[in-house]
Structures are given as structure tokens and as C-alpha cells.
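Below you'll find the structure, written out as C-alpha cells, and then a few comments.
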Amino acid sequence: QVQLVESGGGLVQAGGSLRLSCTTSERTFSAYAMGWFRQAPGKEREFVAAVRWGRIGSKTGDSVKGRFIISRDETSNTIYLQMNSLKPEDTAVYYCAAATRGPWNTPLSTFQYNIWGQGTQVTVSL
């Protein structure tokens, strides 16, 4: 079973930046897409961003558009989430996910992803 490991979370002041990383445990990895979701206490898991694997294309959620950027490095089986201009409402546990069963283009929903990481906490203070 492929495992995803996130890193890079932490505490940051509003207006600051963080970069999250997610890497897989497999040397050879194939997926339709990989993405980031987040979940704040008492709220549903929310789509943040997704990037196609092996093809060009990505999408970003409306709440983070213009501030967050998703990227990938397929040579190291890693995706990144660059988070800029962070706001207190960005505070959440951020999850990396992979969609290896499809076919999907750039999946936006949690049900389209079948592999999930453990999550990394991001806290944005005033």
C-alpha cells in the first residue's frame, strides 16, 4: 500500500508563508492526480488544490486562489503546496491525497482520492 507523508506544517503569523511537502513511499508511483485538502475543527474536509500526474494541469480552490500554488516533482514523487499571504481562516489540518483509481482529470472531491496522508497542522495566528 502506497503511503503519503506530509511535512512543512507549523505556526505562522498572518501574512506569512509556509510550504508543505508530500512524498510517497514508492519508488515507482503512478496516479491520475494528487491534491491537497484541509479540515478545520467542526468543518468538512475542503478541497485546496490538485495537480495532474504525468500531464499538465492543476486547479486551486476559490478560497485560496491567488495565494496558494501547487506544484509537483515527479522525479522524486513529491508535491508541494506553497502558501502565501496566510490568514487565520487557513488554520486547519492539511492532507495530501492521491487519486490512483480513475480515470480522473483533475479531481476536486474527496471521494475521487483513494490514498491519504496523516495530515499536517497549519496554524495561522493574528
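Predicted, not measured: the structure shown is a model, and the values here were computed from it.
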Val2-Ile79 co-clustered via ILVMFWY side chain contacts under 4.5 Å: yes
Note: Ala98 and Phe29 closest approach over all heavy atoms is CB-CZ, 3.8 Å
Per the side chain to side chain contact (heavy atoms under 4.5 Å, CB included) rule, which among Leu20, Leu81, Ile70 passes with Val48? Leu81
When you look at Phe37 and Trp116, which way does the ring-ring contact (aromatic ring centres under 6.0 Å, His included) test go after all the steps? CA-CA 10 Å; Phe37 290 77; Trp116 292 84; 5.1 Å; yes
Arg55 side-chain N/O to Val51 backbone N/O, donor-acceptor pair under 3.5 Å: no
I'd like to know if the side chain of Ser25 and the backbone of Gln3 have a donor-acceptor N/O pair within less than 3.5 Å. yes
Which pair of heavy atoms, one from Gly119 and one from Val93, lies closest together, and at what distance? CA-CG1, 3.8 Å
Lys65 with Asp62: basic N within carboxylate O range, under 4.0 Å: yes
Which residues pass the side-chain hydrogen bond (donor to acceptor under 3.5 Å, both in side chains) test with Thr24, not counting sequence neighbours? none
Could you check whether any side-chain N or O of Arg72 sits under 3.5 Å from a backbone N or O of Arg52, counting only pairs where one atom can act as donor and the other as acceptor? yes
Rounded to the nearest 0.5 Å, how far does CD of Gln39 lie from CD of Glu46? 10.0 Å
Quick one: does Thr100's side chain get under 4.5 Å of Trp53's, heavy atoms only? no
Centre of Tyr95's six-membered ring, under 6.0 Å away, within 45 degrees of the axis: is that where NZ or CZ of Arg45 sits? yes
Are Trp36 and Leu18 linked, directly or through other ILVMFWY residues, by side chains that come within less than 4.5 angstrom of each other? yes
Under the 3.5 angstrom rule, does the side chain of Gln121 hit a backbone N or O of Gly10 as a donor-acceptor pair? no
State whether the side chain of Glu74 and the backbone N or O of Gly54 hold a donor-acceptor pair below 3.5 Å, judged by distance alone. yes
Any sub-3.5 Å donor-acceptor pair from Glu6's side-chain atoms to Cys96's backbone N or O? yes
Could you tell me whether Tyr113 and Trp104 have their ring centroids closer than 6.0 angstrom? no
Is there a donor-acceptor pair under 3.5 Å between the side chain of Thr78 and the backbone N or O of Ser76? yes
Where do Thr23 and Asn77 land on the side-chain hydrogen bond (donor to acceptor under 3.5 Å, both in side chains) test, with the steps shown first? CA-CA 6 Å; Thr23 190; Asn77 291 340; over 6 Å; no
Test applied, side-chain hydrogen bond (donor to acceptor under 3.5 Å, both in side chains); reference residue, Arg67; option that passes from Thr60, Asp90, Asn84: Asp90
State, with a plain yes or no, whether a side-chain heavy atom of Ser17 is found less than 4.5 Å away from one of Met83. no
Tell me if the CD atom of Gln13 is crowded by more than 12 foreign heavy atoms within 6.0 Å. no
Look at the side-chain heavy atoms of Ile, Leu, Val, Met, Phe, Trp and Tyr, link any pair under 4.5 Å apart, and say whether Tyr32 and Phe111 land in one connected group. yes
Listed partners of Tyr94 passing side-chain hydrogen bond (donor to acceptor under 3.5 Å, both in side chains), at least two apart: Arg38
Please indicate whether Glu26 has more than 12 foreign heavy atoms, meaning atoms of other residues, nucleotides or ligands, lying under 6.0 Å from its CD. yes
Exercise: identify the closest heavy-atom pair between Ala92 and Ala40: CB-N, 3.8 Å
